[in-house]
Amino acid sequence: MTTLNGKRIVVGISGGIAAYKSIELIRLLRKSDAEVRVVLTAAAAHFVTPLTLQAISGNPVAESLLDPQAELAMGHIELAKWADLIVIAPATADLAARLAVGMANDLLSTICLATTAPILLAPAMNQQMFRQAVVQQNLAVLQQRGMRLIGPNSGEQACGDVGAGRMSEPNEIFSAIQTALSTAQQFKGLKVAITAGPTREAIDPVRFISNHSSGKMGFALARAFAEQGAEVSLIAGPVNLTTPPNVQRYDVESAQQMHGLTLSLAPRQDIVIGCAAVADYRMETIADQKLKKQDGSDQLILKLVKNPDIIADVAALSANRPFVVGFAAETQDVLEYAAKKLQAKNLDMICANDVAVQGQGFNSEQNALTVLWKNGQQQLPLSDKFSLSQKLAALIVQQYQTAQII
Ligand code: PMT
């Protein structure tokens, strides 16, 4: 277990019933010898008292941006600089919205703007609130800016509802903090190439065939590998996402371009992962000019030809073949189809992705996978795509290392 000896952690608490769990989180941090300073929003002070938090953290609790006494002790900029890490638990919908637009209207949001330390958010809110598009957008914006989400979990809520929105348990948040502060860089020296997003197959100069892949899963996976020190090449179809730090990104449009680039990188990789939703077919001939509506016919017949299979071709390399991992997005008989693809494409692992379940798979913030390999399988339950990617990356590396020994 990574000790947090001497690590300086700001625990931000915003106003939700889950605030009571933060007391246990602070206790765990202190037990691990971290230095803790607590910042409370005005609403949070209705749920937990500064006195309790001061006693547990061993330090005065900061509540107000405009308190001259508190500013004398440790001003907001000093606190922002002091932190090795900021964790906000619970992070309410209101706090996420304020952070997403860059507000600095209380002490906690100001510290978040003024810090260069990593920020972890443990969202907690009613399941219906969590499902709102605006909440999802705000959380996605924060993730794209590098903040990390821990959970939330699914289950029974304080209000009696059941669903996603329960704050992660203190021990889960504690281990996310350990991971974030770990300098071990577990994947240092490893070269990983990942395909992500959709491909676009042009029909004519203004139209194309594509699919709903957003690239979020592949980008989250790239970030999970890069954060642990891997050298990551990300071959991205047309997506609207920011490149994660320390990732080499290659933008492509069509399956043929993705194929060419991935095959050129593959022999220099240890691991190649096909997360992209690649179009199986493309136009036999792309029209030079915009296709016109045909008078006298209600039909337009397009002739398509098969695209090359990128990961099957990587897996078929006779020299310098990397460890190859595929995804299988399926709407029925998910495990059966995934197992067939594992074999047919000669992959080392495949991530079966049931995309018939609402809220996971294509263009969602969360996902769940069952990962299959020759002699085993493991389920990775529903969680945000980055947390899922951290677990998936660890599992892939574990299987890759096992394959090297055999
Ligand atoms: O991008 P997001 O919105 O976050 O969504 C993530 C996702 C649902 C796209 C992702 O999790 C996923 O499941 N990707 C695989 C999508 C898919 O439909 O795969 P497939 O069953 O068509 O292909 C199987 C495997 O072969 C995949 O690894 C695919 O990348 C690869 N393939 C497929 C066809 C082809 N011509 N070349 C390939 O490399």
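None of these values were measured; they are calculated from a predicted model. As the structure lists them, so they are numbered: ligands from 1, and atoms in each ligand from 1. FYI, side chains are in, hydrogens and waters are out, and symmetry mates aren't considered; it's all heavy atoms of this structure.
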Exercise for the section: Go through ligand 1 atom by atom and flag the ones less than 4.0 Å from a non-hydrogen atom of K341. Expected result: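 It comes down to these atoms of ligand 1: 20 (P), 21 (O), 24 (C).
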
Practice task
Using a strict 4.0 Å cut-off to heavy atoms of K216, name the atoms of ligand 1 that fall inside it.
Solution key: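 Under 4.0 Å from K216, ligand 1 has these atoms: 1 (O), 2 (P), 4 (O).
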
Nearest-neighbour protein heavy atom for [atom], which is reported as residue plus atom name and distance:
atom	value
atom 2 (P) of ligand 1	S214 OG, 3.3 Å
atom 8 (C) of ligand 1	N353 OD1, 3.6 Å
atom 28 (O) of ligand 1	G274 O, 2.5 Å

Problem - Nearest heavy atoms of F362 and H212, plus distance in Å - result: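 Minimum heavy-atom separation between F362 and H212: CD2-C, 3.6 Å.
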
Handout entry: Closest non-hydrogen atom pair between L99 and C112, with its separation
Key =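 Result for this residue pair: CD2-CB, 3.7 Å.
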
Donor + acceptor pair across side chains of [X], [Y] (<3.5 Å):
X	Y	result
N320	Q269	no
Q404	T402	no
N307	R282	yes

Handout entry: Residue pairs involving residues 260-279 (criterion salt bridge (Lys or Arg N to Asp or Glu O under 4.0 Å); sequence neighbours excluded)
Key =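 Listed once each, the pairs would be none.
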
May I ask you to check if ligand 1 and [X] share an N or O to N or O distance below 3.5 Å?
X	answer
T195	no
G197	no
C275	yes
I310	yes
G326	no
N307	no
G215	yes
D280	no
S213	yes

Problem - Candidate pair E24 and N171, rule side chain to side chain donor-acceptor pair (under 3.5 Å), full reasoning - result: CA-CA 9 Å; E24 173 62 7; N171 63 333; over 6 Å; no

Exercise for the section: Please work out which of V239, N367, D309 has its closest non-hydrogen atom nearest to atom 38 (C) of ligand 1. Expected result: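 Considering heavy atoms of V239, N367, D309, the nearest to atom 38 (C) of ligand 1 sits in D309.
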
Problem - Per atom 12 (C) of ligand 1, closest listed option by heavy atom (F362, F327, F219, Y281) - result: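 Looking at heavy atoms only, the winner is F327.
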
Handout entry: Set of residues satisfying side-chain hydrogen bond (donor to acceptor under 3.5 Å, both in side chains) with respect to S213, sequence neighbours excluded
Key =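 side-chain hydrogen bond (donor to acceptor under 3.5 Å, both in side chains) check on S213 returns nothing, list empty.
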
Exercise for the section: Under 4.0 Å, heavy atoms only, figure out whether ligand 1 is touched by the backbone of K345, its side chain, both or neither. Expected result: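 The answer is the side chain.
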
Exercise for the section: Pick one of side chain, backbone, both or neither for how A312 approaches ligand 1, counting any non-hydrogen atom pair under 4.0 Å. Expected result: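 None of A312 does.
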
